[in-house]
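Please read the structure below before turning to the comments.
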Amino acid sequence: MIHIDFDHSYARDLADACAPVQPERPPAPALLYWNAELAQELGLDSAQADAAELAAAFSGAALPAGAKPVAQAYAGHQFGGLSPSLGDGRALLLGEVIDRNGQRRDIAFKGSGRTPFSRRGDGKAAVGPMLRELIIGEAMHALAIPSTRALAVTATGETVYREQALPGAVLTRVAASHLRVGTFQYFALRGERDMLRRLADYTLARHYPELAGAEQPYLALLQAVAERQAELIARWMHVGFIHGVMNTDNMALSGETIDYGPCAFMDVHHPSTVFSSIDSGGRYAYGNQPAIAQWNLARLAETLLPLLDPDEPKNAVPAATAVIEDFAERYQAHWLQQVRRKLGLSQAQDIDQELAEDWLALLARQDADHTLAWRRLADAAEGQDQTLTQLFNDPAAAAPWLARWRQRLDAEPQAATERAAALRQANPLYIPRNHLVEEALAAASDHGDMGPTQALLDVLRQPYTERAGLERYTLPAAPEVAQGYRTFCGT
């Protein structure tokens with residue numbers, strides 16, 4: 001049996017925020033993926049374990065010694081509508097480990113069966129959606145975007161039924177924590193102030209210990225969460241990532257990207273891009289993500305009012321509102337800092353924001369591929385414009401903007417070759433192209449072939465380094481394939 005040195009601070013300190021649950025035992029667990037690098041980072045002693053032991057331990061068939069699984073309680077605004085009781089309907093927190101860097105991290109199952117929060121769901125997951133979470137999470141990690149990660153994906157040997165019969169799977173997810181805006185909403189909606197305070201104190205101790213001595217620690221918590229979200233969403237926007245379900249139960253207070261359901265990366269740059277099959281109104285479109293993050297933070301602020309002023313919570317509204325209203329400026333500061341690097345600018349000038357915004361508007365008008373257009377700026381920095389301009393409907397349309405950009409670069413100290421190298425380290429070449437992700441998921445789900453998934457993961461681990469023979473991984477899907485592309489949540 002695999003032993004993990006688990007701690008259980010969440011279940012111990014916040015017992016009213018979770019319910020003990022055992023995973024359902026799968027009939028025939030088989031290991032599809034094991035993240036040996038992450039296991040080592042977590043300090044897990046798995047070197048002597050074979051695939052069968054790993055499959056048993058990370059499917060629920062034979063839990064690692066020390067695991068005490070619980071389902072966590074939370075509420076959430078889903079597409080703007082409040083659900084007061086959601087919770088882990090198909091997930092279980094096995095416990096926490098202190099990794100080799102001294103950081104506390106959750107280890108959790110997804111797809112391991114029913115819990116008290118499952119409502120009418122079966123609590124199960126299919127191979128395809130669990131591998132999507134693996135692929136996108138590892139891509140985000142390689143892009144230096146804070147993210148949960150997959151430790152393992154295990155086939156269960158049973159069939160789950162969605163629109164069709166699909167092979168079942170369990171994902172083992174590693175997260176800084178699973179504390180969400182929705183966790184706070186759950187107790188605020190019930191008027192449980194003592195529990196809300198305990199939850200806030202736990203969050204401060206776990207994620208923001210530097211705020212322990214703050215004069216107003218709960219206001220400082222709101223400010224710190226807003227700062228992390230501002231930086232995170234800016235990073236999403238720069239790589240063309242669309243989360244797809246930015247519900248309040250999917251915003252982690254740690255600042256990690258969490259819950260990869262109907263997510264995708266944009267090919268052609270358009271702010272209105274939506275991939276999620278359930279986002280019919282475009283609430284979570286690419287260009288809406290910063291505003292939605294601000295809206296979610298406002299919901300967090302509402303839950304904290306009784307802590308900010310226990311005697312008269314409404315008196316805390318102005319201070320909390322100021323934090324929320326400041327989010328746009330926080331976001332813009334992070335976005336601008338990051339975009340300067342993507343444009344090859346090491347020094348700040350007032351014209352930089354307009355230059356960047358005009359670049360993105362040009363991409364949208366010309367139906368240019370988001371990732372390749374940014375990447376080909378490195379070629380243009382060396383005087384080779386064709387690889388960039390051929391991405392546009394009208395290649396000549398790029399000329400005015402390129403002239404402005406080059407004039408701006410004249411104020412920078414780098415030589416052309418140095419600048420081009422820096423641009424290639426700022427703008428990735430390889431992202432999880434939607435058609436390649438679907439190709440990998442279909443091979444694994446329909447034929448039990450993990451080869452395409454592993455090949456894609458190998459490419460995505462080095463997103464900035466161009467390698468011979470991988471040209472197909474750089475190209476967007478053909479228009480007829482991309483048109484109408486939709487992703488699904490998997491529940």
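The shown structure was predicted, so the numbers you read here are calculated from the model rather than taken from an experiment.
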Just so I know, are the side chains of [X] and [Y] near enough to count as touching, which here means a heavy-atom distance under 4.5 Å?
X    : Y    : result
L456 : V437 : yes
L219 : L307 : no
N296 : N250 : no
L460 : Y473 : no

Basic-acidic side-chain contact under 4.0 Å: R299, E302 | yes
Could you tell me whether D201 and R206 have a side-chain N and a carboxylate O separated by less than 4.0 Å?
-> no
Are R190 and Y186 in a cation-pi contact, defined as NZ or CZ under 6.0 Å from the six-membered ring centre and within 45° of the axis?
->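 R190 over Y186 ring: yes.
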Cation-aromatic face contact R283/F79, 6.0 Å, 45 degrees =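 So R283 doesn't make the cation-pi contact.
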Sort out for me which residue in H8, R104, Q103 forms a side-chain hydrogen bond (donor to acceptor under 3.5 Å, both in side chains) with E96.
-> R104
Shortest non-hydrogen contact between D249 and R180, atoms and distance |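 Closest heavy-atom pair between D249 and R180: O-NH1, 2.5 Å.
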Shortest non-hydrogen contact from I324 to Q294?
->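 That would be O-NE2, 2.8 Å.
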Keeping to residues at least two apart or across chains, list the salt bridge (charged side-chain N to carboxylate O under 4.0 Å, His left out) pairs with something in residues 18-27.
->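 Of all non-adjacent pairs touching residues 18-27, those that pass salt bridge (charged side-chain N to carboxylate O under 4.0 Å, His left out) are E24-K124.
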Only one of F275, Y286, W236 forms a ring-ring contact (aromatic ring centres under 6.0 Å, His included) with F241, so which one is it?
->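 With F241 as partner, F275, Y286, W236 yield a single ring-ring contact (aromatic ring centres under 6.0 Å, His included), made by W236.
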